[in-house]
K.L.:
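Take this structure first; my questions come after.
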Amino acid sequence: MKRLLTLLIFLTSVHINLLKASDALPEYTLKAAYLYNFALLTDWPSQKQDTEQFNVCLYAKESLGPAFDALQNKHISHKPIKIHYLSATSQAQTCHLIFIPKIRQGGIEKILRQVTHLPILLVSDDEEFSAAHIQILHNHDKLIFTIDTKLLEEIGLNLSSRLLNLAKEIKR
Amino acid sequence: MWKHCITFLVMTLSCFRSLALASEDYQTDATSLSLEQLVETTFIPASHIANQISNASSAVSIVTAKEIRTYGYRTLAEILSSMKGLFIPQDTSYSFLGGRGFPSNQYAGRVIVLIDGYRADDSMFGQAYLGNDGILDVALIERVEYIPGGGSAGYGDGALLGAINVITKKGSDIKGTQVAFGFGSQHANQQRVSVGETLDNGIDILLSASSFGAKGSIQQEGDNDETNKRLFAKVANENLSLVMAYAKRDIHFPTYTYNAEDTSVYADENAFAVLKYHADISSQLKFSSALWYGHYIYSSMDKYPTYTYVGESERIAKWYGGDVKLIGNWFEDHTLSLGLGYRHDYTWQSKNFAIDTSINDIFSDNTFDTPRKTYSIYAYDDFVITPTLNLNYGIRYEKSDNNVSSMVSPRVALIYTPFESTTLKLSSNLSHRQATPSEGYFAKPENAKTLEFVLEQELGWQTKLTGSLYQYRVSDRINYLSTHDIVAKGAEIELQKNWDEGTRLRASYAWQNAQESDGAELIKSPSHLAKLNLSTPLINNQLRMGAEAQYIGKYLLNKNTDEYREDYVLFNINLLAHNIAPHLDVNFLVHDLFNTSDKKNLTQLPQSGLGFWLQMEYTFK
């Protein structure tokens, strides 16, 4: 009986603590929100405006979790966001934004060859992925981002000054 | 049995339920926040299910440094105990590794322990040291992989039923000087200082020294204490690395052989040094080589004052060796590995000395004039038949100069990935183990034939289910009690899930049925093992709780007396406060919450039974 009681207390404490609210947010929830803001604060050229939907492509197999799925059907320039999952052999030209997570499996070269010359925003949380236009990085317990304006100029994508002002570093 | 099973199940289901509720409530949409708010928001780091490093075709279990801290593990035995299908009982002085039904009082030596690729079990007893006698402080471990199933083709003789791969940290993982102090039940205390740095010229250095001491719970009836000292050094650059480790453990306990004053003192000393070099010769060819030295020194003293008996013994084993390996991509879709190995066990000494006033003094010295040299040659191929189908096959031939050990160990495995989220593996191995000098120098190597089927299924984001079915047969057993084959079959299932808000879950169940070929039951071979590991952040991510439950099914303790150990559930709970003050981590562990592991005087080790451990770790940057 005593043992059962202890177990009960133990389990209750697990329940209570799990439901305790926290000011901090999960890493991927924040990253998904960053992607949404990047998309909002980019001047999309006319060729990218003539689409029915706003295509956010995730270079990951199956799912990157509920955080990114939550972007589905939100709107960027009056177009609903559609989430796509890319694999090494996918067609990626119709994407507006491609997120290349650090935890991806396999090489990204095939996709890159298709898109590097197109006005598609490449975002990554991998500090070693130098082809990214925007990198989301860890800085102690906060997330920061860096922007490579040189690469962006080459493909003719302009970012709002609000975005540039908040970047931790701008590569020119 | 049912009571414990139900307790375990209730706990498991209840955790699942609360987790499901918790993750539903959790905010997954932060798009309402402005970019200005986002850059000011603290994040909860995502944790990903660790991928295996080793190229194994079995169902590998992994414990990383993060989990070692979360659950407050202090020995390799505690790390392994949390893994699927493993069972680690202890006697007064040593921990024994049991898994997949193999009797755990003999298992050490059937599963080899590799530290950064170096085979760390001693060559005198074939024991892998897992407790406070272990050669590494767990704070230096980056990850532990348990690769079940026959592994002689890959790892050489000894890996009869599996291998444990321990990967140590780098200096850059410590980045500074780390000082740790721990205190626990039974006057246990530990001190450690580690220095880690990457120099400007790219050389990475890690140095560490630690010591441990504990008094047992039965001091009133005689001395009972345990101490150890450990040293570790690792220096590496891009191509070259040197790893050195030393550990000595002394244990002193009453044996009560005849009287309360009767005591024993054991000392175990392990040391090794490994020099490794690897280089890319061309885009198609990689070269790697290693040179190593190791030794094990054991001494014991038994005192029975009333009978004026003093017995002393000493065992010394020393070895060195090396290997070279070429990995080539000469042919499309094939990765070929070719290698040569050499091992020289150049000292095996066994001395016994006894003074007994009732009879004459006894002295024996069994020093081997010509210890053993073992040569090996191996080849493997990883063949990509189609993008979804791999064939993995290889063979290792080993021969020793004692004329009894000539071993051919083949392996073959098919790995099929029909969907991105599903992997099926089918593998078969023949593995060998040479006798140690303590078992008899001229015994034939024993062998194991293993067959295993594995399913790895990803069930959505950060959720992975692993199932395996296996069978094996151990023949030509090196065992003076029974030479019957051991036949075993079993099934294991494991679920891992990580939630975005930081909760991590690992739950496993193993059913195993191992017996001798004449139907005789094996001792210390429980049929059911279940494990549950749950960790979750509390209070704004400042604190993390790690709770674990381990169910050990009923097992036979003693064949002659037909005595069984009843099943039990072991609960441990740890609280880890990360950066409680700048650079300071504190953890508090309650081990065996319900004092279930210490029944029936099975063990009187300082660490068994209900106990606590408090540790502080400070890093000077």
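Because the structure is predicted, anything quoted here is derived from the model rather than measured. Lettering follows sequence order; numbering is per chain, from 1.
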K.L.:
Measure distances from A:Leu143 to the heavy atoms of chain B and classify the residue's part below 4.5 Å as side chain, backbone, both or neither.
P.N.:
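Answer is both: backbone and side chain atoms of A:Leu143 are under 4.5 Å from chain B.
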
K.L.:
Heavy atoms only: give me the nearest A:Lys142-B:Phe43 pair and the separation to one decimal.
P.N.:
O-CE2, 3.5 Å

K.L.:
Work out which heavy atom in A:Asn37 is nearest to a heavy atom in B:Leu33; give both atom names and the distance.
P.N.:
ND2-O, 3.6 Å

K.L.:
Please flag which part of A:Tyr34 lies under 4.5 Å from any non-hydrogen atom of chain B: side chain, backbone, both or neither.
P.N.:
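Interface part for A:Tyr34: both.
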
K.L.:
Considering only heavy atoms, which portion of A:Lys31 lies under 4.5 Å from any heavy atom of chain B: side chain, backbone, both, or neither?
P.N.:
neither

K.L.:
Check B:Asp500 against A:Pro26 and note the closest heavy-atom contact, atom names and distance.
P.N.:
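B:Asp500 and A:Pro26 have their closest heavy atoms at O-CB, 3.2 Å.
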
K.L.:
Would a 4.5 Å heavy-atom cut-off, applied to side chains only, mark A:Phe145 and B:Leu35 as touching?
P.N.:
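Yes, side chains in contact.
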
K.L.:
Can you tell me which of B:Asn579, B:Val39, B:Thr463 forms the most heavy-atom pairs within a distance under 4.5 Å of chain A?
P.N.:
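Going by pairs under 4.5 Å, I would pick B:Val39.
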
K.L.:
Report yes if the side chains of B:Ile44 and A:Glu27 come closer than 4.5 Å at any heavy-atom pair, otherwise no.
P.N.:
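Sidechains of A:Glu27 and B:Ile44: no contact.
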
K.L.:
Who wins among B:Glu40, B:Glu36, B:Gln462 for the most heavy-atom pairs under 4.5 Å with chain A?
P.N.:
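The answer is B:Glu36.
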
K.L.:
B:Ala30 and A:Ala33: which non-hydrogen atoms are nearest, and at how many Å?
P.N.:
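Heavy atoms only, the tightest pair is O-CB, 3.5 Å.
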
K.L.:
Tell me, side chain or backbone of A:Leu71 under 4.5 Å from chain B's heavy atoms, or both, or neither?
P.N.:
side chain

K.L.:
Quick one: what part of A:Leu35 sits under 4.5 Å from any heavy atom of chain B, side chain, backbone, both or neither?
P.N.:
neither

K.L.:
Indicate the atoms forming the closest heavy-atom contact of A:Leu30 with B:Leu38, along with that distance.
P.N.:
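Heavy atoms only, the tightest pair is CD2-CD2, 3.4 Å.
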
K.L.:
Quick one: closest heavy-atom pair of A:Ala70 and B:Asp29, and the distance?
P.N.:
CB-CB, 4.2 Å

K.L.:
List the atom pairs, with distances to 0.1 Å, where a side-chain N or O of residues 146-158 of chain A and a protein N or O form a donor-acceptor pair under 3.5 Å, not counting sequence neighbours.
P.N.:
{"from": "A:Asp148", "atom 1": "OD1", "to": "A:Lys150", "atom 2": "N", "distance (Å)": "3.2"}
{"from": "A:Asp148", "atom 1": "OD1", "to": "A:Leu151", "atom 2": "N", "distance (Å)": "3.2"}
{"from": "A:Thr149", "atom 1": "OG1", "to": "A:Lys171", "atom 2": "O", "distance (Å)": "2.9"}

